[in-house]
**Student:** 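Mind looking over this structure? Questions follow.
From a predicted model like this one, the values you see are computed outputs, not experimental measurements. In what follows, chains carry the letters A, B, and so on, assigned in the order in which the sequence lines appear, proteins first and then strands, with residues in each chain numbered from 1.
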Amino acid sequence: MPEAGTDKAGEGAVARMPEVLRHRSDFLAAARGVFRAMPLVVVQMRKRNDDGPPRVGFTATRRIGKAVIRNRARRRLREIVRQLPQGRLLPGRDYVFIAREGTATARFADLRGQLLRALDMLNAGRGHAARPRRKTSAGRKEK
RNA sequence: CCAGCCGGCCGGAUGGCCGCCGGGGGCGGUUAGUCGCCGCCUCUGGAGGAAAGUCCGGGCUCCACGGAAACAGGGCGCCGGGUAACGCCCGGCGAGGGACCGGUAAGGCAAAGGCUUCUUCGCCUUCGCCUUGCGCGGGAACCUCAGGGAAAGCGCCACAGAAAGCAGACCGCCCCGCGCCGGCCUGUUCGCAUCGCCGCAAGAGGUGUGAUGCAGCCACAGGCCCGUGUUCGGCGCGGGGUAAGGGUGAAAGGGUGCGGUAAGAGCGCACCGCGCCUCUGGCGACAGGGGCGGCACGGCAAGCCCCGCCCGGAGCAAGACCGAAUAGGGACGGCACGCGCCCGCCAUCGUUCCGGCGGGUGCAGGGCGUGUUUCCGGCCCCGCCGUCCGGGUUGGUCGCGCGAGGCGUGCAGCAAUGCACGUCCCAGAUGAAUGGCCAUCGCCGCCGGCUCCUUUUUACGGGCUGGCGGAACAGAACCCGGCUUACAGGCCGGCUGGCGUU
RNA sequence: UGGGGCGUCGCCAAGUGGUAAGGCAACGGGUUUUGGUCCCGUCAUUCGCAGGUUCGAAUCCUGCCGCCCCAG
């Protein structure tokens, strides 16, 4: 437990859901940041220019299945993020969690383990740079 | 009890912890205060039979609205009913399929009788059974049907076949007319056998060629002989009559049987089919009966088409409100840029006229009227319309769930469904709410243990218990009625057939 | 959400009621010392799937499946 002198809001603030990305441009920006891929989940991260609270986004494409599978995968990813202790998501950053084919059916503990591992690596600066697609404008370099 | 078929229904239950979205209530903060917003507490609701595919039909909103006609385009198509409507549903009709029954033909088996015969063998008749077949008839439950019109027109029907849509006639059958037909010999040709030749290293092989013998059949040509070649019959040619049979095809101008005929044919008759007329029953599709007609109109309209009926377009990202925010601007093109009346104001000392400004209104003109064209009522405008450029918006609220609503009962109806009464309020997100973890019970499969039943063991089955595994198809996005497609497991009902018991 | 289009051999593709062209590739043979070139030959039995109309369907109709494109 961190020191966190706010006693009255202690437990309640831990389970707060961070703000969710809503615009396509934010997802495209996060895709140009760093990423870490696991068998069950891919995590992308991008540093913003401000010091605001972290934001998160979820992606479940048609590739992994139809609506039921996509909804379940997104819900499980969101549940893991909701249960994260405070501090695992760094301020001033956007995180995007991409579901893969096993995300909806894998054991929950395995999925959470992989997600936490990827998150720790990214926060430690050990993410891989995104591969430039097509001829994007040279506005990305996070290393 | 078993098998087959059909229809309807359900789509795990209960609970705990941590969370999500909506609604109600309370408290606190913000505010001068209300509303609103934020935070906390509490109560409560929270995916489906297909929410899916987006294949039909509607509600709702905008295109200002309503009406009429023609054309274009699209859809539908037995009858009656249901419905807001439908291409949907229900009930009928018709057609096709259908276990099976009958008819008929062929073959076989067995029995009886008869004929012949010494007997056997053989033949005939009748009845029964079996097998196979049929352009045949009827037909249970049930299944399928885009099921108007092919005597309005156009088009197509490959290959095969004589002929594929006007009807005709290839083989064949029949009639008539004409010609020929005997015996013997020879030759040509053909068949068989043997030998030789060619060819090969040899053999196999071949029958090109020659000889001999046999058979002398058919045809042709010639010669000789006689009682000169008749009937029947055969062949050829010509003329005519046929459409039963052959064979082709998906389809050949009704089918079966009897009569009839030179041969045949609806040529005649009976039954079936078909067409027309008529009667009866039915709201109707249609069914049944009678009469007439000897039979004419082959198929395809999910080819064009004809007939009847229906249909305006776009879609909740529709659309409305808040906000500076569909407001204002530019270019090009088209049509107009007129005449009056009334009221008010200005001007004038003052009234009318004249003049200016504003408002209303009439005529003319222009435009709109959402597939196109035209018309009527009507609407808009002194600027309007069309195209393009540029600019603005990606905030919030509403639309947004009381509805062709769910459940129950009663009545009407065969049913679909309708009516009445009572009762209930039951998702509303917008990067998008139902999730994560777990417990117990229930279901299914496998493995193991105990136990019950059975005449003994085993097996099958039932009960208890332990372990492991499984539980489908699938997620509301404006709403509703259908259709289609996907689906683990389970429940209920009905129909037909079979077995057993009473 | 609405609209439009396409599925034919391993690849590209023609064919729109009557035997499913052609090219590349592949395979076999020939030519060549070998390879290439060249020549000859072979290669679709479910035309995305399932029904239906028709005597006959890749073609016509209906329903599914898959893929692609466009608009806001």
**Student:** Does this structure show an ion pair linking E79(A) with R76(A), if we count only N-O contacts that are shorter than 4.0 Å?
**Tutor:**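 Salt bridge: no.
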
**Student:** Can you check G87(B) for me, syn or anti if syn means within 90° of 0?
**Tutor:**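 In terms of base orientation relative to the sugar, G87(B) is anti.
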
**Student:** With both distances kept under 3.5 Å, what pairs with C64(C), Watson-Crick or G-U wobble?
**Tutor:**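 Answer to the pairing question: G48(C), which forms a Watson-Crick or G-U pair with C64(C).
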
**Student:** Mind checking what makes side-chain contact (heavy atoms from CB on, under 4.5 Å) contact with A67(A), not counting sequence neighbours?
**Tutor:**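 A67(A): no side-chain contact (heavy atoms from CB on, under 4.5 Å) contacts found.
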
**Student:** In Watson-Crick or G-U wobble terms, both distances under 3.5 Å, what is the partner of C460(B)?
**Tutor:**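 Paired with C460(B), as far as the under-3.5 Å criterion goes, is no nucleotide at all.
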
**Student:** Classify the glycosidic conformation of G49(B) as syn or anti, calling it syn when the angle lies within 90° of 0.
**Tutor:**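 In terms of base orientation relative to the sugar, G49(B) is syn.
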
**Student:** Report the base-pairing partner of U409(B) (Watson-Crick or G-U wobble, both distances below 3.5 angstrom), or none.
**Tutor:**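 By the stated definition (distances under 3.5 Å), A420(B) pairs with U409(B).
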
**Student:** Assign U397(B) to syn or anti; the rule is syn for a glycosidic angle within 90° of 0 and anti otherwise.
**Tutor:**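 Anti conformation for U397(B).
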
**Student:** Please report the distance separating the P of C38(B) from the corresponding atom of C17(B), rounded so that it comes out in whole Å.
**Tutor:**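 My reading of the P atoms in C38(B) and C17(B) gives 28 Å.
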
**Student:** Check whether any side-chain heavy atom of R36(A) sits under 4.5 Å from a side-chain heavy atom of H128(A), and report yes or no.
**Tutor:**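 R36(A) reaches H128(A) side chain to side chain.
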
**Student:** Could you give the distance separating C184(B) and G216(B) at their P atoms, to the nearest angstrom?
**Tutor:**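 That atom pair is separated by 12 Å.
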
**Student:** Could you tell me which nucleotide pairs with C384(B) by Watson-Crick or G-U wobble geometry, both distances under 3.5 Å, or answer none if nothing does?
**Tutor:**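 By the stated definition (distances under 3.5 Å), G334(B) pairs with C384(B).
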
**Student:** Side chains of residues 116-125 of chain A: which donor-acceptor pairs under 3.5 Å do they make with residues two or more places apart or in other chains?
**Tutor:**
{"unit_1": "D120(A)", "atom_1": "OD1", "unit_2": "R88(A)", "atom_2": "NH2", "d": "3.0"}
{"unit_1": "D120(A)", "atom_1": "OD2", "unit_2": "R88(A)", "atom_2": "NH2", "d": "3.2"}
{"unit_1": "N123(A)", "atom_1": "OD1", "unit_2": "Y95(A)", "atom_2": "OH", "d": "2.8"}
{"unit_1": "N123(A)", "atom_1": "ND2", "unit_2": "R88(A)", "atom_2": "O", "d": "2.8"}
{"unit_1": "N123(A)", "atom_1": "ND2", "unit_2": "L119(A)", "atom_2": "O", "d": "3.4"}

**Student:** Taking a pair as Watson-Crick or G-U wobble with both distances under 3.5 Å, which nucleotide is matched to G319(B)?
**Tutor:**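 The answer is C398(B), by the H-bond criterion.
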
**Student:** For nucleotides 428-438 of chain B, tabulate all protein N/O to nucleotide N/O atom pairs closer than 3.5 Å, reporting atom names and distance.
**Tutor:**
{"unit_1": "G431(B)", "atom_1": "OP1", "unit_2": "R22(A)", "atom_2": "NE", "d": "3.3"}
{"unit_1": "G431(B)", "atom_1": "OP1", "unit_2": "R22(A)", "atom_2": "NH2", "d": "2.1"}
{"unit_1": "G431(B)", "atom_1": "O2'", "unit_2": "L21(A)", "atom_2": "O", "d": "2.4"}
{"unit_1": "G431(B)", "atom_1": "N7", "unit_2": "R22(A)", "atom_2": "O", "d": "2.6"}
{"unit_1": "G431(B)", "atom_1": "O6", "unit_2": "R24(A)", "atom_2": "N", "d": "3.2"}
{"unit_1": "G431(B)", "atom_1": "N2", "unit_2": "F58(A)", "atom_2": "O", "d": "3.1"}
{"unit_1": "A433(B)", "atom_1": "OP1", "unit_2": "R74(A)", "atom_2": "NH1", "d": "2.6"}
{"unit_1": "A433(B)", "atom_1": "OP1", "unit_2": "R74(A)", "atom_2": "NH2", "d": "3.3"}
{"unit_1": "U434(B)", "atom_1": "OP2", "unit_2": "R75(A)", "atom_2": "NE", "d": "3.2"}
{"unit_1": "U434(B)", "atom_1": "OP2", "unit_2": "R75(A)", "atom_2": "NH2", "d": "3.3"}
{"unit_1": "G435(B)", "atom_1": "N2", "unit_2": "E79(A)", "atom_2": "OE2", "d": "3.2"}

**Student:** Sticking with atom P, work out how far C368(B) lies from U372(B), rounded to a whole angstrom.
**Tutor:**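 11 Å, rounded to whole Å.
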
**Student:** Please measure how far the C1' atom in C78(B) lies from the corresponding atom in G149(B), and state the result in whole Å.
**Tutor:**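 These two C1' atoms come out 13 Å apart once rounded.
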
**Student:** Should U189(B) form a Watson-Crick or G-U wobble pair with both distances under 3.5 Å, which nucleotide is its partner?
**Tutor:**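 U189(B) is paired with nothing.
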
**Student:** Sticking with atom P, work out how far U45(C) lies from G165(B), rounded to a whole angstrom.
**Tutor:**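 To the nearest whole Å, 36 Å.
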
**Student:** Checking R55(A) now: which residues fulfil salt bridge (charged side-chain N to carboxylate O under 4.0 Å, His left out) with it, not counting sequence neighbours?
**Tutor:**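 Salt bridge (charged side-chain N to carboxylate O under 4.0 Å, His left out) check on R55(A) returns D26(A), D94(A).
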
**Student:** Using the C1' atom in both, what is the distance from C277(B) to U256(B), to the nearest Å?
**Tutor:**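 Pairwise C1' distance, C277(B) against U256(B), rounds to 28 Å.
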
**Student:** Is the base of A47(B) syn or anti, where syn means the angle lies within 90° of 0?
**Tutor:**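 Base orientation: syn.
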
**Student:** For nucleotides C56(B) and C61(C), find the distance between their P atoms and express it as a whole number of Å.
**Tutor:**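 Looking at atom P only, C56(B) and C61(C) are 15 Å apart.
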
**Student:** Any non-hydrogen side-chain atom of I80(A) less than 4.5 Å from a side-chain atom of F108(A)?
**Tutor:**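 Yes, close enough: below the 4.5 Å cut-off.
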
**Student:** Going by heavy atoms in the side chains, are R75(A) and N71(A) under 4.5 Å from each other?
**Tutor:**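 In short, these two side chains touch, coming nearer than 4.5 Å.
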
**Student:** Syn versus anti for C426(B), judged by chi lying within 90° of 0?
**Tutor:**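 In terms of base orientation relative to the sugar, C426(B) is syn.
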
**Student:** For nucleotides 49-54 of chain B, list the nitrogen or oxygen atoms of the protein found under 3.5 Å from its nitrogen or oxygen atoms, one pair per line.
**Tutor:**
none

**Student:** For F58(A), enumerate each residue passing the side-chain contact (heavy atoms from CB on, under 4.5 Å) test, keeping only those at least two apart in sequence or located in another chain.
**Tutor:**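 Residues passing side-chain contact (heavy atoms from CB on, under 4.5 Å) with F58(A): M17(A), V56(A), R74(A), L77(A), R78(A), V81(A), F97(A).
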
**Student:** How long is the gap from CD1 on I69(A) to OG1 on T105(A), to the nearest 0.5 Å?
**Tutor:**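 It is 7.5 Å, given to the nearest 0.5 Å.
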
**Student:** Strictly by Watson-Crick or wobble contacts shorter than 3.5 Å, is anything paired with G355(B), and which nucleotide is it?
**Tutor:**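 Checking every strand shown, G355(B) finds its partner in C346(B), with both distances under 3.5 Å.
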
**Student:** Side chains of L115(A) and M38(A): closer than 4.5 Å at any heavy-atom pair?
**Tutor:**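 L115(A) vs M38(A): side chains apart.
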
**Student:** Can you tell me, in whole Å, how much space there is between the P of C68(C) and that of G29(C)?
**Tutor:**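 Straight-line distance between the two P atoms is 43 Å.
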
**Student:** Suppose we define a pair by two distances each less than 3.5 Å, Watson-Crick or G-U wobble; what does C118(B) pair with here?
**Tutor:**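 Across all strands, not a single nucleotide pairs with C118(B).
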
**Student:** Tell me if a side-chain donor or acceptor on R70(A) pairs with a main-chain N or O of A60(A) at a distance below 3.5 Å.
**Tutor:**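 A pair under 3.5 Å: yes.
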
